[in-house]
Amino acid sequence: MTSQPSAARTVSVAIPVALDHSFHYLVPAELPIPTPGTRVVVPFGPRVLIGVVRPEPSEPSDLPEQAKLRELLELLDPIDQPALSADLVALCEWIADYYVAPIGEVYRLALPASAMGVDARRARLSAAGLALARSPELAGLDDHDHRLVLLLEREAKASGMAVATLTKARAGAPAIPSVLKRLASLAERGLVEVDAGEAERRQARTEPHYRRTDRLRGGSGDEEGLVRAVGRSKQRRGLLDYLELQPAGIWTPLAELRGPFTRARQLLGPLLEAGLVVEDQRLRELDPFALPPPADTSLAHALTRDQQRALAGLSAALEHRRFAASLLFGITGSGKTEVYLRLIAEARRTGGGAIVLVPEIALTPQLADRFRARFGDEVAVLHSGLTPQQRLDAGAHIRAGRRPIVIGARSAIFAPVPDLRVIVVDEEHDASFKQDDGVRYNARDVALVRARTLQAVVVLGSATPSLESWYGVREGRLGLWSLTTRPTPRPLPEVEIVNLKEHLPDAQTLLSARLRQRLVETLAAGEQAILFLNRRGYTTSLSCKACGSFQQCPDCSAPSMTYHLKRNRLMCHLCGHIEGAPKTCSSCGGAELEHGAAGTERIEVAIAATLPGVRVARLDRDTSRGKALLEVLDKFRAREADVLIGTQMLSKGHDFPGVTLVGVLRADQGLAFPDFRATERVFQLLTQVAGRAGRGDRPGRVVIQTWAPDHPAIRHARTHDFEGFAELELEARARRTTEGPGNPPIGYLALIRISGEDKPAVAARAAELGALARDLAARVIAGGETEIQVLGPVDSPIERINRRLRMQLLVRASARGGLRWLLRHLRRELGQRGRGRATTTARVDVDPYSLM
Ligand code: ADP
Ligand code: ZN
C-alpha cells in the first residue's frame with residue numbers, strides 16, 4: 001500500500017459468523033468499489049470467507065481505525081449485478097435492526113445456503129497447464145505465477161485444491177501475492193480450471209441414497225448394540241429414525257437428509273459401518289411437486305360480489321403502484337385463493353411479479369397446483385425438499401425473471417423477484433411464519449416491510465385472522481375485505497359440542513357415544529371422517545405404578561417422554577433423545593409401568609380394533625415426513641382410507657372432498673398453556689379443523705368433545721364467530737393495562753432468553769441483563785411517554801432442553817419506540833460469553849410467539 005487509504009475505499013461486510021458486528025475491509029486499488037449486496041471474498045482470521053457488502057454505516061463512529069484493516073480479496077458478482085438487489089439489502093438491514101439479530105446470519109437467510117460462507121471454489125491445472133508445468137519453459141510466467149502452477153501440479157488432485165488455501169503462506173515460503181487475480185488470468189489463458197466446489201459434482205444424475213436395514217430394528221433388547229453403533233449423537237439417532245420412518249423399500253437421497261441434518265454425510269459413516277444403513281448410487285429423484293398440474297377449470301367462474309369488491313379494491317392499489325396492505329377475511333372455501341390468482345394475473349399483465357407465502361408447502365400441495373395450473377412455467381415452488389442445486393437453479397430463474405411468481409414457506413419472502421408487486425400471505429395467522437430459532441423473524445411482518453419499500457400490494461388471507469391483523473384493521477393500518485359466503489352452495493358445517501363431563505369418552509378410543517355414533521353413520525354412508533387429537537405418539541409418558549416417577553429424558557426438563565408403540569421406544573420431542581422402553585422403573589425398579597394420556601398412535605390402534613374393517617390412516621410428524629407425507633395425503637384423498645387421525649398438521653388447508661365428519665377428541669387441550677396466545681391458538685385450530693368438513697357436495701358435521709364447553713374459544717368456534725371471539729380476546733389482552741402495558745397486539749413484547757449448561761453462570765448472566773434492562777427501562781419511563789416493564793429473570797417454563805438450562809426476561813412496552821430503544825442499548829451485551837461449560841448465550845426474540 002503506497003497511499004493513505006481514504007474512508008471511501010473501505011466497505012462494511014456482513015460475514016456469516018455468529019458475532020454481531022460488521023467487519024470493515026479495504027478495497028484494493030485495482031478493484032472497483034462494490035455496491036451493497038455484492039458478495040466478496042475476504043480474509044477472516046486464518047480463514048477465507050464469502051460475505052456480503054453492506055450499505056455505508058449511518059454513524060461514522062462505526063468506522064474502525066484504518067490501520068488494522070485488511071484488504072478484501074475479490075468480488076464475486078459483476079459490478080452492476082449484486083447478489084442482493086437494493087430492496088433486499090434494505091430488508092436485511094431492517095431485519096437485523098428490528099429483530100436485534102447478528103447481521104451475518106440475516107444476510108445468510110436472504111441468499112442460497114452455498115452463496116455465503118466458506119469459499120468452496122477449487123482450482124486445478126488444465127491439460128495445457130499440466131504440460132506447461134512439466135516443461136522447462138516458463139512461457140512468459142512471472143515467478144509468482146510459476147510458483148502457483150508448480151504448487152497446483154504438486155498438490156492438486158483430480159478434485160483440485162481449495163482456492164481459499166492457495167491464498168495462504170505455506171511452510172518455508174511467503175504467500176503468493178494476488179493469488180486470486182493470478183488464478184483468474186491463468187484461467188483465462190486456459191492453464192487453470194476453477195469450479196464452484198461441489199456444484200459440478202452435483203450435476204451428476206445419480207446420487208447416494210440410503211435405506212435402513214432390518215438389523216437391530218425395534219425392541220429394547222437391541223438397545224445396547226444400537227448405542228454402541230450410534231454413540232451418543234442425537235443427530236445420528238435422529239437420522240436413523242428418519243430413515244426408519246420411510247415407507248418400506250424407499251431409498252432416501254442424500255440431498256433430502258441434508259435438509260434436517262446438515263452433517264448427514266458424517267453422521268452416516270458409523271451407521272453404514274455397523275450395517276444399520278445401506279448405501280446405493282441411484283438416479284436422482286424428480287422434485288415431487290414438479291409433476292404436471294391438473295388442467296385449470298375454475299377460470300370460467302364468475303366472481304361472487306364479495307370477491308369482485310375485494311379484487312377491485314386490491315387492483316386499484318396495484319394500478320397506482322401504491323403500498324397497500326389488506327386483510328382478506330373469509331371462511332374456508334369462500335374463494336380467497338381465487339382472489340389471489342386474479343390479482344396476480346393483473347400484476348402479470350403489466351410484467352409485475354408476486355410472492356405467495358404459505359405455512360408449509362408439503363401440507364398444501366393443492367394450492368401450488370392451482371397456481372401452476374393457472375400460470376404454468378411462470379411459477380417457482382420453493383420447498384424444503386429441493387436439493388441445493390435445484391434451489392440455486394430456482395434462484396437463478398427467479399432473478400432472471402423467468403419465474404415471476406414464487407410460492408413458498410417463510411423464507412420465500414426473500415425471493416429475488418424482479419418488479420415485485422404483489423405479496424400474498426395465505427393463512428396469515430399461522431405460527432410457522434415466525435422463525436423460532438436463529439434469526440427470529442416473522443415473514444408476515446417482513447412481507448409488509450418489503451412491500452412498503454417497493455410500493456407493492458400485500459394481501460393477508462385467513463379464515464381466522466391473527467389478532468395482530470384484526471387490531472391493525474381496527475386501527476386503520478390494514479384494509480379489510482371480507483368474503484362472507486361460499487361461492488358454491490355449501491353451508492358451513494353444523495358444530496355439535498359434547499360435554500365430556502356428562503358423556504365420558506371411551507378409555508381406549510377417546511370417543512364419546514355421540515361421536516362414535518356419528519362416525520359409524522358416516523362410514524356406513526360411504527363417507528370419510530377426520531379425527532383430530534393434538535398429541536402424537538402412543539401415550540404421553542410411562543410412569544411407575546409403585547413410586548409414581550416418570551421415565552424422564554436425561555437432558556430435558558419436560559415432564560416426560562412420549563412412548564411410541566411401533567418401535568417400543570421413548571422419545572423426547574424437545575431434543576430428539578430416543579431410548580428403548582424400560583421393562584422396569586428406572587428409579588425404584590418397580591415392574592409395573594403405567595401409560596399416560598393417549599396420543600394419535602394409540603387412537604389409530606384403538607379405532608381399528610373397535611371398528612373392524614375400517615381403514616385407518618394417521619398424519620403427524622411421526623408418520624409423515626418427506627415423501628411419506630404425500631403418500632398419506634394421496635391415499636386418503638383417493639379414498640383408500642376411511643378415517644384419518646391426525647394432529648394440527650391436519651388443520652392446514654387440505655381439501656378432502658369425501659370428508660363429511662370431523663371429530664375433535666379433546667378441544668380444551670392447549671388452553672392451559674402458560675402463554676397469552678393459548679386461547680387464540682385453540683380457537684384458530686378448532687375453526688380451521690372444522691373447516692375441513694363438508695367441502696365436497698355434501699354438508700359436513702363437526703363434533704367437538706371437551707371438558708370445558710363454556711370456554712370462549714370453544715363457544716365461539718361452535719358458531720364460527722371470529723369477530724365475537726376477537727372482541728373478547730382483545731379486551732382480555734388490553735385488561736393488563738391496569739397493571740402494565742398490555743399484551744400484543746395492544747402492547748409490545750420482547751423475550752430475552754439466557755441459556756447455557758452451567759446453572760450459576762446462566763443465573764448470573766440473567767441477573768446482570770435483568771438489572772441492565774431495568775436501568776434502561778427506568779430511563780424510558782423517565783421520558784414520560786412510554787410505559788415499560790421488565791419481568792424476570794425467571795426459569796423458562798421448559799427449564800432445560802438438551803442439557804441447556806434456560807432462563808428468561810420479558811420486556812413489555814406500550815409503544816414500539818421505547819422497546820426498540822431499550823433493545824438497541826442492550827444489544828452489545830447479547831451473544832455468547834464465557835468459556836467451556838460456563839459459556840452462556842443471550843438472545844432476543846422480538847414479538848415472540850413461543851414463551852416456553
Ligand atoms: P379459499 O381459498 O377461501 O379456501 P378457494 O378459492 O379455494 O377458497 O375456493 C373454494 C372453492 O370454490 C374452489 O374449488 C374454487 O375453485 C371455487 N370457487 C372460487 N371462487 C368461485 C366462484 N366465484 N364461483 C364458483 N366457484 C368458485
Ligand atoms: Zn430431551
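Start at 1 and go down the list; that is how both ligands and their atoms are numbered. Residue numbers count from 1 along this sequence. Heavy atoms only: backbone and side chains are in, while hydrogens, waters and symmetry mates are out.
The atoms of ligand 1 that sit less than 4.0 Å from any heavy atom of K336 are 1 (P), 2 (O), 3 (O), 6 (O), 8 (O). Ligand-side atoms of ligand 1 in range of A302: 22 (C), 23 (N), 24 (N), range being under 4.0 angstrom from any heavy atom. Contact atoms of ligand 1 toward T304: 23 (N) (distance under 4.0 Å to a heavy atom of the residue). For ligand 1, the atoms lying closer than 4.0 Å to a non-hydrogen atom of I331 are 3 (O). Remark: ligand 1 atoms within the under-4.0 Å shell around heavy atoms of L303 are 23 (N).
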Evaluate side-chain contact (heavy atoms from CB on, under 4.5 Å) for Q688 paired with E427, printing each intermediate quantity in order. CA-CA 10 Å; Q688 295 283 345; E427 310 288 358; 3.5 Å; yes
Take T647 and L533 through the test side-chain contact (heavy atoms from CB on, under 4.5 Å) and record every step on the way to the result. CA-CA 5 Å; T647 58; L533 178 66; over 6 Å; no
Between L314 and V339, is a side-chain contact (heavy atoms from CB on, under 4.5 Å) present by the stated rule, with each step listed? CA-CA 9 Å; L314 296 166; V339 174; 4.0 Å; yes
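Scored by the salt bridge (charged side-chain N to carboxylate O under 4.0 Å, His left out) test, R474 finds E727 as partners (sequence neighbours excluded).
The aromatic rings of F636 and F656 lie perpendicular to each other, with more than 60° between the two planes, well past the 30° mark.
Checked against a 6.0 Å centroid threshold, the rings of F722 and F329 count as neighbours.
Using a 4.0 angstrom heavy-atom cutoff, S334 counts as in contact with ligand 1.
Closest heavy-atom approach to atom 15 (C) of ligand 1 within the set R370, R342, R305: this belongs to R370.
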